[in-house]
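Okay, structure first, notes after.
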Amino acid sequence: MIQAITEVMDQKLAEDPRVMLLGEDIGVNGGVFRATDGLVEKYGEDRVVDTPLAESGIVGTSIGLAMNGKIPIVEIQFLAFIYPAFEQVVSHAARMRYRSRGQFEVPMVIRTPYGAGIRGPELHSESVESFFAHTPGLKVVVPGSPYDAKGLLVSAIEDRDPVIFLEPTKLYRAFKEEVPEELYRVPLGKAKVVKEGTDLTIFSWGAMLREAVNAASKLEKEKGMSCEVVDLRTLYPLDRDTIIESVKKTGRAVVVHEAHKTAGLGGEVISLINDEALIYLKAPVKRITGFDVPVPMFSVEEDYMPTLERVKRGIEETVNF
Amino acid sequence: MIQAITEVMDQKLAEDPRVMLLGEDIGVNGGVFRATDGLVEKYGEDRVVDTPLAESGIVGTSIGLAMNGKIPIVEIQFLAFIYPAFEQVVSHAARMRYRSRGQFEVPMVIRTPYGAGIRGPELHSESVESFFAHTPGLKVVVPGSPYDAKGLLVSAIEDRDPVIFLEPTKLYRAFKEEVPEELYRVPLGKAKVVKEGTDLTIFSWGAMLREAVNAASKLEKEKGMSCEVVDLRTLYPLDRDTIIESVKKTGRAVVVHEAHKTAGLGGEVISLINDEALIYLKAPVKRITGFDVPVPMFSVEEDYMPTLERVKRGIEETVNF
Amino acid sequence: MAMKSSELQKAGSWESEVFQVLNPEGKLLSELGGEIDEELMIKMYENMQFVRAFDRKSVILQRQGRIGTYAPFEGQEASQAGSAMALSDMDWMFPTYRDHAAAMIHGQEMYRVFLYWMAHMDGTTCTEGKKILPPSVPIATQLLHAVGTGWASKLDGDKDVSIAYFGDGASSEGDFHEALNFAGVFKTPTIFFCQNNGYAISVPFEKQSASRTIAQRAAAYDINGVRIDGNDIFAVYLTVKEAVERARRGEGPTLIEAVTFRYGAHTTADDPKKYRNQEEVSKEWRDNRDPLTRLNKFLTENGLWDETKEAELLSKVNAKIDEELKRAENYPKSHALQMFDHVYAETPWHIAEQREELKKYLAKDGDES
Amino acid sequence: MAMKSSELQKAGSWESEVFQVLNPEGKLLSELGGEIDEELMIKMYENMQFVRAFDRKSVILQRQGRIGTYAPFEGQEASQAGSAMALSDMDWMFPTYRDHAAAMIHGQEMYRVFLYWMAHMDGTTCTEGKKILPPSVPIATQLLHAVGTGWASKLDGDKDVSIAYFGDGASSEGDFHEALNFAGVFKTPTIFFCQNNGYAISVPFEKQSASRTIAQRAAAYDINGVRIDGNDIFAVYLTVKEAVERARRGEGPTLIEAVTFRYGAHTTADDPKKYRNQEEVSKEWRDNRDPLTRLNKFLTENGLWDETKEAELLSKVNAKIDEELKRAENYPKSHALQMFDHVYAETPWHIAEQREELKKYLAKDGDES
Ligand SMILES: Cc1ncc(C[n+]2csc(CCOP(=O)(O)OP(=O)(O)O)c2C)c(N)n1
Ligand SMILES: Cc1ncc(C[n+]2csc(CCOP(=O)(O)OP(=O)(O)O)c2C)c(N)n1
Ligand SMILES: [Mg+2]
Ligand SMILES: [Mg+2]
């Protein structure tokens with residue numbers, strides 16, 4: 001996935017002189033995950049900028065850059081380090097268009113690695129997408145595959161609104177997938193049915209998608225269950241139609257996410273289902289999520305996240321309700 | 001309500017030498033809502049501290065104060081101005097006990113006016129309680145009456161964990177209620193059945209509670225409907241038992257909150273009901289909430305928030321589903 | 001002219017430590033060297049009268065309930081007018097809730113300022129084609145934006161500069177630090193214009209920081225810093241002018257601390273008697289350091305101004321204010337459905353639905369237009 | 001001794017601008033005046049050897065997969081040991097992920113440090129009774145905590161001080177500014193101890209800020225600031241000692257910039273060859289400015305140290321490290337259920353239920369102990 005992301009930035013830098021990258025260690029170092037490797041050599045320090053260590057500074061100046069004709073792609077080193085910039089994101093980036101009634105706009109992308117599962121230190125494994133999904137004016141995107149990473153990032157860069165682009169660290173180097181070389185777009189706001197099924201729908205995104213798909217295939221083989229897997233991909237705004245359509249078909253659903261359960265986006269998915277498809281439900285929609293504890297030290301992080309086992313049993317309980 | 005809050009701080013300052021107040025303009029000015037009026041004169045500048053204008057500084061130093069034997073009660077002038085301190089709240093206050101396995105603790109209260117409805121300028125009317133309810137380690141409390149304000153604030157101050165204490169500005173001077181003079185406690189984590197009923201439950205908190213109660217009495221008078229009204233009071237952790245018990249009784253529910261709908265706490269309430277009482281539901285649980293737009297300029301804020309009319313119709317639609 | 005902050009740190013009253021050109025008695029302390037001609041002087045005076053009249057009118061309108069809570073700036077006219085007059089049309093301006101004087105002089109239409117205080121949905125717009133941002137509410141955040149816009153201009157080889165307005169209290173926020181540091185590193189054409197009016201609402205600057213001045217902080221970022229008499233419009237104009245020119249030449253940012261005072265309340269919801277000897281201190285500044293009085297004295301002594309002109313000006317100004325007020329009051333009222341516009345470039349499904357929902361309610365309530 | 005930052009701003013190589021007592025050749029530049037006796041000197045050397053051995057061992061352990069990603073501090077021993085040795089037991093310490101040397105010298109048990117890098121759930125605890133906080137991960141945030149603990153001590157009339165460790169990169173964060181400003185205003189007994197190792201991961205200080213030094217920023221808050229040779233343990237010790245004493249006397253905070261260098265990678269996950277001429281520059285520092293070498297020279301020349309002692313020390317040190325490592329490796333492994341402890345003082349229902357839920361899974365998987 002990381003190559004797909006680098007490729008987009010490379011191509012966009014080449015194609016559109018307005019595009020700039022900003023972040024900590026993204027220059028000669030190429031970023032801590034090497035997402036920007038080689039780009040400063042190719043496009044120079046004016047376009048690939050190693051910033052001072054100050055996230056509010058990065059996002060705040062990027063807002064100014066964006067209002068004045070640039071398209072900044074910001075890298076926040078890890079999701080939790082966006083907190084110093086929280087005010088700039090929530091009170092400004094998300095609202096500039098609104099407040100100015102369209103006179104000023106902030107077309108920018110904030111890319112940031114997120115999620116647990118790669119033995120990161122404390123605060124390197126957070127999954128707080130719901131903060132941003134509660135902030136009108138922002139879009140929140142999470143690619144679940146290299147192909148989508150490329151297509152969604154292109155769409156995010158071309159979008160005229162600020163996009164929080166969350167990159168699941170666990171997927172960075174997780175699987176190989178051929179990705180077209182040319183630029184293509186995967187539309188924001190559209191979920192993807194990764195696997196069709198009839199007994200139950202698994203809604204998921206990011207790194208948890210793999211557990212979802214694995215659980216679905218295992219249960220298919222082991223118990224002959226037919227699970228549909230939906231990658232929500234854009235978390236704000238959600239693709240309600242795809243969600244509802246699937247639940248109407250299967251009548252059962254689980255949501256799998258690694259974020260904390262309480263006030264996580266599982267609740268939003270459930271609420272949409274409750275609104276539109278309650279009468280189709282044959283069982284409560286189960287949330288299989290990270291626990292309501294701070295993401296723990298990595299020695300136990302695998303048990304913090306929904307494991308394949310938990311996902312499987314959650315599905316079985318829902319099917320056997 | 002504001003007098004009840006002042007009274008608690010006054011009594012706690014008198015009773016417990018560890019208690020300190022910190023915030024912007026809380027000294028001689030008595031706070032922009034006068035919550036700390038007269039307290040600096042009584043307890044001196046070491047205990048009622050006018051801080052520099054820097055929220056991360058206020059919360060960050062208060063974390064240190066709390067770890068070293070003080071009980072800081074912080075006033076953030078308006079809820080949106082907590083964003084500069086977001087990192088200190090989320091990455092430190094909420095996690096210090098956890099990270100140190102109980103060796104250090106952060107007993108502090110962050111009081112902050114919140115919500116729309118008093119013709120405040122931009123960013124003075126936010127209602128982002130769900131950010132904090134998604135943060136393990138924090139407690140989130142919202143009083144809905146003067147009596148509760150006093151009792152909950154006492155409990156919050158005595159709690160050994162950090163508490164976000166959200167004060168609905170619209171209720172500050174909204175109604176008179178006799179409040180006992182002595183200190184008493186209203187327990188955290190317990191909802192309150194404000195009004196009993198049999199046809200439907202209205203879950204709400206803060207300023208929206210009044211629309212809830214008004215809608216309930218109107219519908220009772222006009223249509224003979226019997227609505228139960230539950231003030232959730234503590235938003236994290238939620239009092240699931242009271243929620244479920246009520247829904248099992250009424251079979252129908254609406255959630256009324258002024259926060260944005262998407263990823264707001266309505267979704268959490270619905271999810272709890274979905275988990276535990278789905279089969280009791282005779283209709284989808286409706287969310288009657290603030291819209292998914294930035295809280296607008298006050299000329300139209302009344303229409304941003306759930307109006308009595310919207311609450312009433314939402315209830316009727318749910319009852320007639 | 002631009003004194004190094006280190007030169008300004010000597011003991012003594014603040015007046016002895018700030019750059020001043022026109023003293024409170026209306027005497028020139030140094031040659032203007034042709035930088036401010038007579039026409040400009042008169043324009044300065046007119047502008048200050050104009051914005052002062054606006055400010056007083058607004059306080060009255062608030063009392064009459066015709067606008068909401070209002071943040072008056074009376075006393076700070078020289079800082080705001082002088083700085084704005086040193087800009088060109090193309091320059092970016094980032095005002096706070098108190099900087100309407102600067103905004104109007106930079107081209108913001110007055111009726112929009114009224115709309116702002118009426119909390120109209122269009123109150124945060126600016127005159128078409130202008131680069132005046134909606135007033136920044138969260139303190140110090142706009143400084144970073146001004147670094148960003150300046151940076152973009154620099155990268156594009158454009159000559160416009162960006163000016164951020166802020167107060168003494170704002171200098172305590174982390175964003176102040178990050179903005180000055182970024183500006184120093186990227187040498188952006190940014191002017192950090194601080195009106196040190198001595199108070200952040202009720203908190204005096206002595207409680208805000210142990211540092212005696214704000215200008216001295218420039219040294220921490222290796223940028224230019226200068227402390228000036230913010231009630232001396234000549235000093236303000238010349239300092240900002242120089243900073244602007246330096247910025248246009250690619251010589252980077254400047255931090256300007258303009259020492260001034262707001263005569264009135266923080267906002268109309270504030271009661272300054274709670275935290276300062278309001279009448280006395282306000283009178284002290286009014287009587288001895290008023291920005292308009294001193295320029296009036298100077299102009300009068302130099303035969304450039306008289307009571308007839310004054311009367312003419314005031315009636316012109318009041319007519320203009322009335323006209324703009326009428327324009328604001330006749331402007332179509334905010335409609336609730338406007339709240340759904342401009343959240344995104346394209347309205348997503350959920351906002352469209354919520355709009356429809358509200359529309360239905362409004363129609364039922366009969367108050368949809 | 002404590003030089004004003006302004007005195008340090010003259011041109012020249014950094015060595016000419018920093019406070020230095022023991023130069024790289026092992027020569028004393030000024031009298032120690034009895035403040036560092038022979039016993040202490042030897043202890044300093046032993047401590048530095050001790051932590052260096054720990055650091056090298058840890059890098060090896062990481063390669064062997066026995067601990068996770070590790071942040072080495074080799075090269076910074078004088079800064080960390082010298083500063084920690086100037087503290088009393090009662091003092092509060094706020095380290096980062098790189099300051100284990102300081103922590104251990106202040107009393108943190110080594111096995112806990114190993115547990116930290118093993119990502120053990122107890123790895124963020126400290127020796128009972130000590131006031132050493134878990135390493136701060138979010139940059140610059142801990143500075144504010146050290147202001148707070150210091151402030152509380154001051155209010156209570158206690159004499160302990162609080163020391164916050166941080167890097168050059170941290171000086172760009174808003175929290176740095178807010179912390180220094182609060183410390184200045186409330187005159188807290190706080191020591192801001194910055195190890196300027198020239199890099200924030202890959203970003204050299206020249207890109208971090210246009211200001212030439214970090215110490216000079218103290219002036220912006222009217223607090224003491226001093227720039228020292230961070231590889232000279234005498235300079236570090238004396239400077240911190242003085243700052244500590246001043247703080248205990250109620251004279252407020254000090255900002256200390258210790259100029260140093262990390263020889264190795266930012267963490268074991270980092271490749272310094274990407275951003276600097278790693279071998280050359282690292283060798284340059286090692287050969288010419290190593291903190292251990294210079295003290296070794298000095299001690300040897302003064303007859304206080306020899307090869308026998310060196311050998312004895314190293315074997316003692318290695319034995320201690322092995323023992324502590326064994327203790328860590330024999331420590332009961334983290335159990336997943338520990339993640340539910342200490343979220344709150346009392347476990348609320350939802351966490352209790354989630355704990356039960358996981359417990360059931362673990363039992364079924366057969367891996368619950
Ligand atoms: C982040 C943030 N914190 C608090 C406030 C509330 N507030 C509004 S104005 C103000 C004082 C600002 O003082 P100063 O910067 O000196 O500007 P002045 O009002 O004097 O022009 C405060 C605390 C805010 N708007 N934003
Ligand atoms: C708020 C925040 N942003 C980014 C990071 C990622 N990060 C970890 S260490 C580091 C560099 C720190 O440099 P410096 O302060 O000089 O300390 P050093 O590592 O050199 O000891 C960065 C950017 C972080 N931990 N916290
Ligand atoms: Mg001010
Ligand atoms: Mg460093």
Side-chain angles (χ1 to χ4, degrees), chain B residues 17-18 20 22 46-47 49-70 72 84-85 87-88 90-108 136-139 159-162 188-189 234 236-241 272, chain D residues 92 94 121-156 158 160 162 164 173-175 177-186 188 190 338-339 341-346 348-351 353:
Chain B
R18 297 173 303 170
M20 275 177 78
L22 298 96
D46 276 352
R47 298 194 63 205
V49 187
D50 264 338
T51 64
L53 207 179
E55 290 77 10
S56 189
I58 298 171
V59 175
T61 56
S62 292
I63 289 170
L65 286 162
M67 291 195 296
N68 195 6
K70 300 295 176 189
E87 181 175 44
Q88 289 290 348
V90 170
S91 295
H92 283 299
R95 302 170 77 112
M96 198 59 85
R97 173 188 302 287
Y98 192 71
R99 301 181 65 223
S100 69
R101 314 298 296 150
Q103 288 183 327
F104 298 99
E105 59 180 21
V106 181
M108 71 189 276
L138 300 180
K139 296 183 178 175
D159 199 275
R160 286 164 56 204
D161 288 301
L188 307 189
T234 295
Y236 195 50
L238 279 169
D239 178 0
R240 182 188 49 185
D241 291 350
L272 293 177
Chain D
W92 289 78
F94 295 81
M121 287 300 283
D122 288 345
T124 38
T125 60
C126 76
T127 306
E128 274 310 318
K130 288 283 162 191
K131 298 169 191 162
I132 303 171
L133 274 285
S136 183
V137 172
I139 300 294
T141 52
Q142 73 279 16
L143 276 65
L144 284 164
H145 308 162
V147 176
T149 51
W151 190 359
S153 297
K154 180 184 166 185
L155 289 171
D156 291 345
D158 293 339
D160 52 273
S162 294
E173 288 278 8
D175 275 5
H177 171 72
E178 300 192 13
L180 269 73
N181 191 42
F182 270 66
V185 170
F186 300 107
T188 66
T190 307
Q338 284 182 296
M339 83 173 83
D341 300 337
H342 301 297
V343 186
Y344 298 92
E346 281 164 43
W349 66 266
H350 67 298
I351 295 181
E353 282 186 9

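Letters A, B, ... mirror the listed sequences (proteins, then strands); counts begin at 1. Note that these values count all heavy atoms, side chains included, but never hydrogens, waters or copies made by symmetry.
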Checklist line | Side-chain (B:Y98) to main-chain (D:M339) donor-acceptor, under 3.5 angstrom | finding: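 Flag set: sc B:Y98 to bb D:M339 pair under 3.5 Å.
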Between [X] and chain D, which part of the residue has a heavy atom less than 4.5 Å away: side chain, backbone, both or neither?
| X | answer |
| --- | --- |
| B:D46 | both |
| B:R18 | neither |
| B:L272 | side chain |
| B:R160 | side chain |
| B:Q88 | side chain |
| B:V49 | side chain |
| B:L188 | neither |
| B:I58 | both |
| B:S62 | neither |

Notebook entry, point to check: Do the side-chain N and O atoms of B:T234 and B:D239 include a donor-acceptor pair separated by under 3.5 angstrom?
Noted result: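 There is no such pair (donor and acceptor under 3.5 Å, judged by atom type) between the side chains of B:T234 and B:D239.
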Checklist line | Residue pair B:H92 / D:Q142, side-chain donor-acceptor N/O under 3.5 Å | finding: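 The criterion, which ignores hydrogens and geometry beyond distance, is not satisfied for D:Q142 and B:H92.
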Next item on the list: Look at the rings of D:W92 and D:F94 and say which category their plane angle falls in: under 30° parallel, 30 to 60° tilted, over 60° perpendicular.
Entry: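 Correct class here is parallel.
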What I'd like to find out is whether the side chain of [X] reaches to under 4.5 Å of the side chain of [Y], using heavy atoms alone.
| X | Y | answer |
| --- | --- | --- |
| B:R97 | B:F104 | no |
| B:M108 | B:V59 | yes |
| D:W151 | B:M20 | yes |
| D:Y344 | B:K139 | yes |
| B:M96 | B:E105 | no |

[X] versus chain B, heavy atoms under 4.5 Å apart: side chain, backbone, both or neither?
| X | result |
| --- | --- |
| D:L180 | neither |
| D:A345 | both |
| D:S162 | neither |
| D:N181 | side chain |
| D:E173 | neither |
| D:P134 | both |

Check: What residue, out of D:D175, D:D122, D:V185, D:D158, has the most heavy-atom pairs lying under 4.5 Å from chain B?
Finding: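 Going by pairs under 4.5 Å, I would pick D:D175.
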Next item on the list: Count the heavy-atom pairs under 4.5 Å between each of D:D160, D:I351, D:L133, D:V137 and chain B, then report the option with the highest count.
Entry: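 Sorted descending by pairs with chain B, the first entry is D:L133.
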Item checked: Closest non-hydrogen atom pair, B:A93 against B:I63 ->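 Closest approach of B:A93 to B:I63: N-CD1, 3.6 Å.
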Checklist line | Minimum-distance pair of heavy atoms, taken over all atoms of D:A146 and D:T190 | finding: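 Smallest interatomic distance, heavy atoms only, reads O-OG1, 3.2 Å.
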Check: What do the steps show when you test D:H350 against B:Y236 for ring pair (Phe, Tyr, Trp, His ring centres under 6.0 Å), and what is the final call?
Finding: CA-CA 10 Å; D:H350 67 298; B:Y236 195 50; 5.4 Å; yes
Check: With respect to chain D, which residue among B:G60, B:A66, B:G69 yields the maximal number of heavy-atom pairs within a distance under 4.5 Å?
Finding: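 Result: the option with the highest number of such pairs is B:G60.
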Next item on the list: Tell me, out of B:M67, B:E87, B:R101, who's got the most heavy-atom pairs with chain D below 4.5 Å.
Entry: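 Top count of heavy-atom pairs under 4.5 Å with chain D: B:R101.
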